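Only one structure is covered here, and it is reproduced in the block below.
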2 protein chains.
Amino acid sequence: MSLLEGRRPTLKDVAKLANVSHQTVSRFVSGDPAIREENRARIQAAIDELGYRPNIVARSMRVRRTGLLSVVVPATAAPYTPAKMMSATTAEAHAFGYEVEVVHVAGGMHARTDRAFELADSGWVEGVLSLASFDDRVRSGTRPGGVPILEFPVYDDNLHGAGIMLDASPMIEIVGRLAELGHRHFFHVGGPVGHPASNERQAVYERAVSARGLVSHGASRGPFDGSTGVDAVAALPEDTPVTAIVCANDELAAGVLMGASQRGWAVPDRLSVTGWDNRQVGQYMPPGLTTVIVDHELVGRTAMGKLIATLRGEQPPVEDFRALNAVAWRGSTGPAPEARP
Amino acid sequence: MSLLEGRRPTLKDVAKLANVSHQTVSRFVSGDPAIREENRARIQAAIDELGYRPNIVARSMRVRRTGLLSVVVPATAAPYTPAKMMSATTAEAHAFGYEVEVVHVAGGMHARTDRAFELADSGWVEGVLSLASFDDRVRSGTRPGGVPILEFPVYDDNLHGAGIMLDASPMIEIVGRLAELGHRHFFHVGGPVGHPASNERQAVYERAVSARGLVSHGASRGPFDGSTGVDAVAALPEDTPVTAIVCANDELAAGVLMGASQRGWAVPDRLSVTGWDNRQVGQYMPPGLTTVIVDHELVGRTAMGKLIATLRGEQPPVEDFRALNAVAWRGSTGPAPEARP
DNA sequence: CTGTTAGCGCGTTCAT
DNA sequence: ATGAACGCGCTAACAG
């Protein structure tokens, strides 16, 4: 150890101590079976004595492989990131022998694209997967080095859903089931104007309502927090015929529940309420919030699978997101007041 | 480009094209000002033409610096990871010129320790910070190479709080304020038996209650989800004198709210309820859940600051977590029924 | 089965 | 101000 003068032991140090060539040590470390038994023992002893660990930077430089993939995620002001999607991407990568590093990038699309190029061009990683969209530079031609940069945009800068997460078809089921329960007068509470997921959910909501000959008494849009829901309920006239409020997510729905409580409207007796996203507490929020459960693992698996297929020069499997969304009916929805006994 | 045969351009390629030595290009890339103007122009042109980007693996090998730090986080079944703490660690690292990669490790303390050693010994990173505890191997002596491995255990394997996050002193304020509001009969709902944070919160709760001469009618412990709270309320006798239920987190409290609703107990008129952790929807869960807001950014900043101080051979600043917790009083708490007009 | 040689791409050292 | 030589730690290729 004293010969090392504080530096990390290298192959050569081990080789010297074990009285073999550094190449033999290299073979031993790589698990080459063709090594004499007595040498194996001496090499292992030397490794243990010196505490040798291969220098992965040097190895990567030599073999031009790092086995590392980057997953780029927007760094957001929101307090939580979707761990299920992240662990699904990691698990999928592990299954193919890759490690994953998660890179949180603040500052929106251009900063994200810059960082993705940096990562790809640095030689650190063999592929970059972003869960949020890139700007146009990514699509313009292949780059030297050929590290694939893939966007699988399922989030926006604020970590709200995008892309496939925009699929609002559960709205059709929600409105349809509420109609079967006797509801005819609806109201919608959505996220910020211009927010894609909210726009899509409102659009599908409105088509579903009119397709069944029902009445929508308007929509209220605002920030993704409870106050938007509270205010929307507060603004309804006292004699409103609305009996069902369909919301774009659970925060909004929680606000609607609170607003209803403030007005003395019982849920679901006077009012049915639905959310989206199955936030943890929603299930036990009295009276239990009907919501849409989204299979984040499916998304993570699919996204990473696509990058890995690209890496292996294979055709990515056809994406199948039919099982992405499932409506969970809970206590916040029930028969319309006029349909009750 | 055709000379490159598909490989990445290197310093030498640029040098050849610009008719200088690869050293000069290296200096140019490192921002050396002492380079002739005409050479600068030709080098820049060659870089642009070839799309040259430095190979960071090679550079790191040469300078023995990667500028990379790892943050180890338990990979959990829970759907969300604390993004605020992660972005705080990242921001702190950036301020000192480091990049951060987040490594999600499944499988508990030993797997985590293994992985930390792997990371530290690999030469990839210059430091490893784990937000969950290591096993004893970490403390046993310094390792060759000297990459610091630091644990700042604020989570357990399931990403529930540990270490400083166990600080349950807000219980004293909660019980005290409820006592001022006229409450004398308390009940506690906590997490799983043996769970450190739950144990601590229950212990402080009980001390606070008895210190003020109040009565605790027991505690109910169970999994961190709403059903534990629902069941706890359901099990109380109809004529219970309990008017305040203090919970160990917001999921439990949400369950208590639902249980109260099922029994027809108005909150806060009949019953006051408090949670912990300030989950997003809690604020708008009717009637607004009183909770403890935890400053996760402070924790992330402090943890990374400690690693960076170690890295720079400095003394880490004294940790100051006095501002970690703040009680947010909301509508789920109010005067005791007997203290109402 | 093992050793020798030759780079990987870069930055440092020492020359000029 | 620029260039030549060297080596970081490792593995591929070839000898033996």
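In what follows, chains carry the letters A, B, and so on, assigned in the order in which the sequence lines appear, proteins first and then strands, with residues in each chain numbered from 1. Just so you know, these numbers come straight off a predicted model, no measurement behind them.
For the pair A:Ile47 CD1 and D:dC10 P, the computed distance is 10 Å after rounding to whole Å. A straight line from NZ of B:Lys16 to P of D:dG3 spans 14 Å, rounded to a whole angstrom. When the P atom of D:dG9 is taken as reference, atom CZ of B:Arg59 falls 19 Å away, rounded to whole Å. In this structure, B:Arg42 atom CZ and D:dT2 atom P are separated by 9 Å, rounded to whole Å. Distance CZ (A:Arg8) to C1' (D:dG7): 17 Å, rounded to an integer number of Å. A:Arg62 has its CZ atom 8 Å from the C1' atom of D:dC10, to the nearest Å. Rounding to whole angstrom units, CG of residue B:Asp121 and P of D:dG9 are separated by 15 Å.
Comment: A:Arg115 engages B:Glu99 in a salt bridge, judged by a side-chain N to carboxylate O separation of less than 4.0 angstrom. The pair A:Arg112-A:Asp157 meets the salt-bridge criterion, since a charged nitrogen lies less than 4.0 angstrom from a carboxylate oxygen. Salt-bridge check for A:Glu118 with B:Arg53: failed, with every basic side-chain N at 4.0 Å or more from each acidic carboxylate O.
At the heavy-atom level, A:Leu11 lies under 4.0 Å from base atoms of the strands shown. Looking at heavy-atom distances under 4.0 Å, B:Val20 makes contact with sugar-phosphate atoms alone, never a base.
Annotation: proximity of residues 22-30 of chain A to DNA chain C (heavy atom, distance under 4.0 Å) is found for A:His22, A:Gln23, A:Thr24, A:Arg27, numbered in ascending order.
Axis angle across the helix from C:dC1-D:dG16 to C:dT16-D:dA1, with five pairs used at each end and values rounded to 10°: 40°.
The outermost nucleotides of DNA chain C lying under 4.0 Å from heavy atoms of chain B, listed 5' to 3', are C:dG9 to C:dT13.
For the OP1/OP2 pair of D:dG9 and a distance below 4.0 Å, the side-chain nitrogens and oxygens of A:Thr10 include no atom meeting the criterion.
Here the CD atom belonging to A:Glu92 is positioned 9.0 Å from the OG1 atom belonging to A:Thr89, to the nearest 0.5 angstrom. Between the CD atom of B:Glu297 and the CG atom of B:Leu324 there is a distance of 12.0 Å, given to the nearest 0.5 Å. Atom CG of B:Asp114 sits about 11.0 Å away from atom CE of B:Met109, to the nearest 0.5 Å.
Shown are A:Leu311, A:Leu129, A:Val125; of these, the side-chain contact (heavy atoms from CB on, under 4.5 Å) with A:Leu69 is made only by A:Leu311.
Taking all atoms of both residues into account, the shortest heavy-atom contact from A:Ile35 to A:Thr24 is CD1-O, 3.8 Å.
For B:Arg64, the listed nucleotide lying nearest its side chain is D:dG9; candidates were D:dA12, D:dG9, D:dT2.
Residue-to-nucleotide proximity on DNA chain C shows that, of B:Met61 and A:Ala34, the 5′-proximal contact is made by A:Ala34.
Taking 4.5 Å as the limit, some side-chain heavy atom of B:Phe134 sits within range of a side-chain heavy atom of B:Ile149.
Side-chain atoms of A:Glu151 and A:Ser133 include no donor-acceptor pair closer than 3.5 Å.
Other residues, nucleotides and ligands contribute only 12 or fewer heavy atoms inside 6.0 Å of the CD atom of B:Gln315.
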Show your reasoning for whether side-chain hydrogen bond (donor to acceptor under 3.5 Å, both in side chains) applies to B:Thr302 and B:Glu319.
CA-CA 7 Å; B:Thr302 305; B:Glu319 292 168 22; over 6 Å; no
